[in-house]
*Asks:* 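Got a structure for you, questions after.
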There are 2 protein chains.
Amino acid sequence: MSGGATNVRGRGRVTRKDVARVAGTSTAIVSYVINNGPRPVAERTRQRVLAAIEEVGYVPDTVAQALASGVSGLYGLIVPDISNPFFAALAHELEDSTSESGHILLLGDSAEDKDREKELISTFVRRRVDGLLFVGVDSHPDLSAAFDGEVPVVILDRVDPEHLASSVAVDNVAAAHAVTAHLVTHGYREHAIITGPEQLLTARERLQGWRSALAEAELLADPRWIVEAPFTRRGGYDAGSALITSGPRPRAVFASNELQAVGLLAAAAEHGLRVPDELAVITFDGTEMSEYTAPKLSGVVQPLDEIARAAVAMLPGKHRSTSFAPRHERCGYTIRLRPSCGHHPD
Amino acid sequence: MSGGATNVRGRGRVTRKDVARVAGTSTAIVSYVINNGPRPVAERTRQRVLAAIEEVGYVPDTVAQALASGVSGLYGLIVPDISNPFFAALAHELEDSTSESGHILLLGDSAEDKDREKELISTFVRRRVDGLLFVGVDSHPDLSAAFDGEVPVVILDRVDPEHLASSVAVDNVAAAHAVTAHLVTHGYREHAIITGPEQLLTARERLQGWRSALAEAELLADPRWIVEAPFTRRGGYDAGSALITSGPRPRAVFASNELQAVGLLAAAAEHGLRVPDELAVITFDGTEMSEYTAPKLSGVVQPLDEIARAAVAMLPGKHRSTSFAPRHERCGYTIRLRPSCGHHPD
DNA sequence: CTGTTAGCGCCTTCAG
DNA sequence: CTGAAGGCGCTAACAG
């Protein structure tokens with residue numbers, strides 16, 4: 001309308017300056033309005049600014065805000081493999097919790113590679129993430145870059161006793177114990193376990209829980225029935241095949257994660273072994289997938305929403321926080337009984 | 001060592017200034033060295049700068065770089081649900097392709113919600129992403145914010161004829177046709193389909209391919225055997241149950257995505273129906289999961305790595321690109337035959 | 001309550 | 001080949 005004044009899309013974005021000009025105020029006021037502070041603004045002025053923003057189609061530039069304020073509004077999420085349903089489900093929940101606090105997630109898939117993992121950490125630190133949500137490839141991540149950059153870290157799932165970082169996880173030992181004890185109540189006496197990679201504390205803890213439950217029931221933890229495998233479908237399949245075909249066959253198997261359990265079911269099916277009638281199966285980290293396997297999988301389910309919420313709560317919020325004090329939180333777990341362990345729903 | 005000169009961790013980060021001081025040059029030189037340009041630097045000076053960087057532990061601040069250069073080094077990834085294995089697998093591949101170009105992914109999970117989706121788009125634009133990798137909730141996304149911000153968009157999977165955005169996808173019609181035709185070669189004559197939500201072009205195309213294959217074989221596309229369901233396990237389960245329990249039963253079912261197929265298998269198992277002997281199943285978008293279902297699932301598999309690579313290649317690279325010319329690319333597909341359709345591996 | 005202005009850390013044109 | 005200096009867009013003192 002007016003003779004070339006407002007110049008909205010004339011190459012180069014609309015800035016606070018344009019808003020200030022149209023509203024007839026200074027740029028500071030525009031900031032105060034946008035951020036509701038730190039200085040108060042007269043209601044009338046505020047309205048004028050708001051109107052001007054609308055009129056010129058102003059959109060704050062987050063990058064500039066980040067540079068000036070020192071807060072990026074970004075959290076870095078690092079997982080070993082986003083295509084693992086468990087991590088994907090976790091990411092989904094984290095995204096949810098995170099958006100509530102006005103933050104956005106930077107996705108880092110370390111592809112089970114230590115070097116890539118380390119690289120991601122420093123890349124994220126360079127980007128000034130306000131916090132790191134971290135699931136490591138193993139239990140000895142090199143988080144030095146994060147600490148150097150003074151970026152708060154919350155370690156999830158595969159937790160290590162690390163004092164500079166916070167953590168949130170379920171009690172793996174107790175949960176594995178509980179679920180194995182349940183197997184015992186079914187009367188099974190020959191127990192096997194497919195454990196995860198030994199470098200993972202998580203795997204060792206679950207193994208420990210399994211062991212203690214057997215010990216408690218005065219059952220033997222036969223070494224031949226303790227087989228280590230990667231936390232993958234393939235790992236579970238291979239381990240399962242070995243368990244099924246070589247030597248005496250166990251009556252019940254604890255697969256240390258859902259992917260392994262799925263692989264195990266495939267192995268059992270392939271060998272014509274009926275689950276749970278001939279082989280009972282129980283698992284850990286069940287996601288929605290466990291509801292759709294044949295048979296449906298029993299196991300420990302982690303409260304992902306709760307974990308996500310707790311983790312995000314440990315990170316500095318929208319407005320730069322005070323100092324970060326590492327905390328360690330244990331979340332409760334649930335045991336979901338379905339047919340795979342011999343349970344009869346009714 | 002020296003009397004308070006270098007001051008590395010003295011509150012406030014190490015900047016180019018520190019490097020310049022130690023190297024005895026100007027800050028511009030430091031930039032030239034870091035970016036290999038745009039001005040050449042004498043080799044000796046370069047070495048001194050590099051040494052200084054090392055000495056003071058300088059790490060470039062990406063936020064500042066982004067603001068000054070106008071290139072964020074960020075791509076925004078928007079998917080309807082990251083916990084869907086197909087999207088998770090896609091994200092995994094995208095992360096891979098993306099990191100090769102030195103970019104990082106911002107994760108946006110729209111949770112199948114249009115409003116959230118729109119919000120994510122503008123949030124990402126405000127963050128000056130260099131490009132958007134987009135899978136929409138339906139086939140009519142509101143990408144205006146991206147276009148206003150002049151952010152290049154590549155639409156994946158659920159593609160719409162949209163001329164301002166690029167796209168990469170497989171030929172759904174052809175693939176669905178091919179896979180259905182395969183079912184026909186098995187001799188099955190009673191075909192059913194579980195289609196996806198009608199708003200999704202993807203779903204309509206697969207339905208169309210299925211129809212044309214039947215037509216070609218002069219087989220009837222019985223309306224009662226066309227059942228629409230969400231692209232979820234639950235959707236597939238419900239649709240499958242309906243197909244199995246009401247009226248005449250089809251001999252073969254095409255589940256429009258992998259999740260539906262998994263649900264369908266669960267329904268079949270629950271009703272004691274043997275797959276493929278009594279009911280043949282074929283699907284679309286098979287991921288690794290299809291290798292571990294009981295029975296293993298046949299179906300179209302999309303070349304996710306190729307799709308990811310093609311999509312990223314369409315986006316501006318590390319160094320700000322020239323103008324973005326929307327392109328549309330079709331990727332090839334593969335048909336993976338496994339037992340679920342009646343196929344005998346040997 | 002509002003305006004002015006000096007940074008945030010880096011890029012890049014323009015002199016030297 | 002190198003140095004000085006003006007932004008990028010916004011925040012937050014510091015003055016009015």
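Chain letters run A, B, ... following the sequence lines, proteins first and then strands; every chain starts at 1. Excluded from the calculations below are hydrogen atoms, water molecules and symmetry mates; all remaining heavy atoms, backbone and side chain alike, are included.
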*Asks:* Between Glu306(B) and Arg309(B), does at least one N-O distance fall below 4.0 Å, as a salt bridge requires?
*Replies:*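 Between Arg309(B) and Glu306(B) there is no salt bridge, as every charged N stays at least 4.0 Å from the carboxylate O atoms.
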*Asks:* Using the C1' atoms of the five pairs at each end, what is the angle between the end axes of the helix from dC1(C)-dG16(D) to dG16(C)-dC1(D), to 10°?
*Replies:*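 Comparing the axis at each end, I get an angle of 40°.
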*Asks:* So if I take residues 40-48 of chain A and measure heavy-atom distances to DNA chain D, which residues fall below 4.0 Å?
*Replies:*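 Contacts with DNA chain D under 4.0 Å: none.
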*Asks:* Who passes side chain to side chain contact (heavy atoms under 4.5 Å, CB included) against Val125(A), sequence neighbours left out?
*Replies:*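 Side chain to side chain contact (heavy atoms under 4.5 Å, CB included) list for Val125(A), sorted by chain: Ile121(A), Ala146(A), Val151(A).
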*Asks:* Quick one: does Glu95(A)'s side chain get under 4.5 Å of Ile82(B)'s, heavy atoms only?
*Replies:*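 The answer is no; the side chains never approach within 4.5 Å.
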*Asks:* Output the rounded distance in Å from CG (Asp18(A)) to C1' (dC10(D)).
*Replies:*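 Taking atom C1' of dC10(D) as the reference, CG of Asp18(A) is at 14 Å.
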*Asks:* Just how far, in rounded Å, is C1' of dT2(C) from CD1 of Ile29(A)?
*Replies:*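 Spelled out: CD1 on Ile29(A) to C1' on dT2(C) is 4 Å.
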*Asks:* Report the distance from atom CG of Asn35(B) to atom C1' of dC11(C), rounded to the nearest whole Å.
*Replies:*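 It is 8 Å, rounded to the nearest whole Å.
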*Asks:* Rounded to the nearest Å, what distance is computed from the CG atom of residue Leu67(B) to the P atom of nucleotide dG7(D)?
*Replies:*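 One finds 14 Å between P of dG7(D) and CG of Leu67(B), rounded.
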*Asks:* CD of Gln47(B): more than 12 outside heavy atoms within 6.0 angstrom?
*Replies:*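 Check passes, neighbour count above 12.
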*Asks:* Students often get this wrong, so: under 4.0 angstrom with heavy atoms, is Ser31(A) touching a base, only sugar-phosphate, or nothing?
*Replies:*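 Base, at least one base atom sits under 4.0 Å.
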*Asks:* Can you tell me the distance, in whole Å, between the NZ atom of Lys17(B) and the P atom of dC11(C)?
*Replies:*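 In whole Å, dC11(C) P lies 15 Å from Lys17(B) NZ.
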*Asks:* In whole angstrom, give the distance that lies between atom OH of Tyr58(B) and atom P of dG9(C).
*Replies:*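 Interatomic distance, OH of Tyr58(B) to P of dG9(C): 10 Å.
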*Asks:* A side-chain contact here means heavy atoms from C-beta on lying under 4.5 Å apart; do Val14(A) and Val59(A) qualify?
*Replies:*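 When only atoms from C-beta onward are counted, Val59(A) and Val14(A) do not touch, as no gap falls below 4.5 Å.
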*Asks:* Please figure out whether Ala68(A) or Thr27(B) has its closest DNA chain C nucleotide nearer the 5' end.
*Replies:*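 In this pair, the answer is Ala68(A).
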*Asks:* Would you say Thr15(A) reaches dG9(D)'s phosphate, i.e. side-chain N/O to OP1/OP2 under 4.0 Å?
*Replies:*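 False: Thr15(A) side-chain N/O out of range (4.0 Å or more) of dG9(D) OP1/OP2.
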*Asks:* To the nearest Å, give me how far apart CD1 (Ile53(B)) and P (dC10(C)) are.
*Replies:*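 Atom CD1 in Ile53(B) sits about 10 Å away from atom P in dC10(C).
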*Asks:* Among dC10(C), dG3(D), dC8(D), which is the nearest nucleotide to the side chain of Ala64(B)?
*Replies:*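 Side chain of Ala64(B) sits closest to dC10(C).
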*Asks:* Are Ser31(B) and Arg16(B) close enough that a side-chain donor and a side-chain acceptor fall under 3.5 Å?
*Replies:*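 There is such a pair (donor and acceptor under 3.5 Å, judged by atom type) between the side chains of Ser31(B) and Arg16(B).
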*Asks:* For Lys118(A), is there an ion pair with Asp115(A) - N to carboxylate O distance below 4.0 angstrom?
*Replies:*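 No, this pair does not count.
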*Asks:* Atom NZ of residue position Lys114(A) - does it have more than 12 heavy atoms of other residues, nucleotides or ligands inside 6.0 Å?
*Replies:*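 Above 12, so yes.
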*Asks:* Phosphate oxygens OP1/OP2 of dA13(D): is one of them under 4.0 Å from a side-chain N or O of Tyr32(A)?
*Replies:*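 For dA13(D), OP1/OP2 do not have a side-chain N/O of Tyr32(A) under 4.0 Å.
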*Asks:* Think Gln65(A) has a side-chain N or O under 4.0 angstrom from the OP1 or OP2 of dG9(D)?
*Replies:*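 Negative; the distance criterion is not met.
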*Asks:* Can you check the Arg16(B) CZ to dT2(D) C1' distance for me, whole Å?
*Replies:*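 Spelled out: CZ on Arg16(B) to C1' on dT2(D) is 14 Å.
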*Asks:* Report yes if some heavy atom in the side chain of Leu315(B) is under 4.5 Å from a heavy atom in the side chain of Asp130(B); otherwise report no.
*Replies:*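 Result no, sub-4.5 Å side-chain heavy-atom pair not found.
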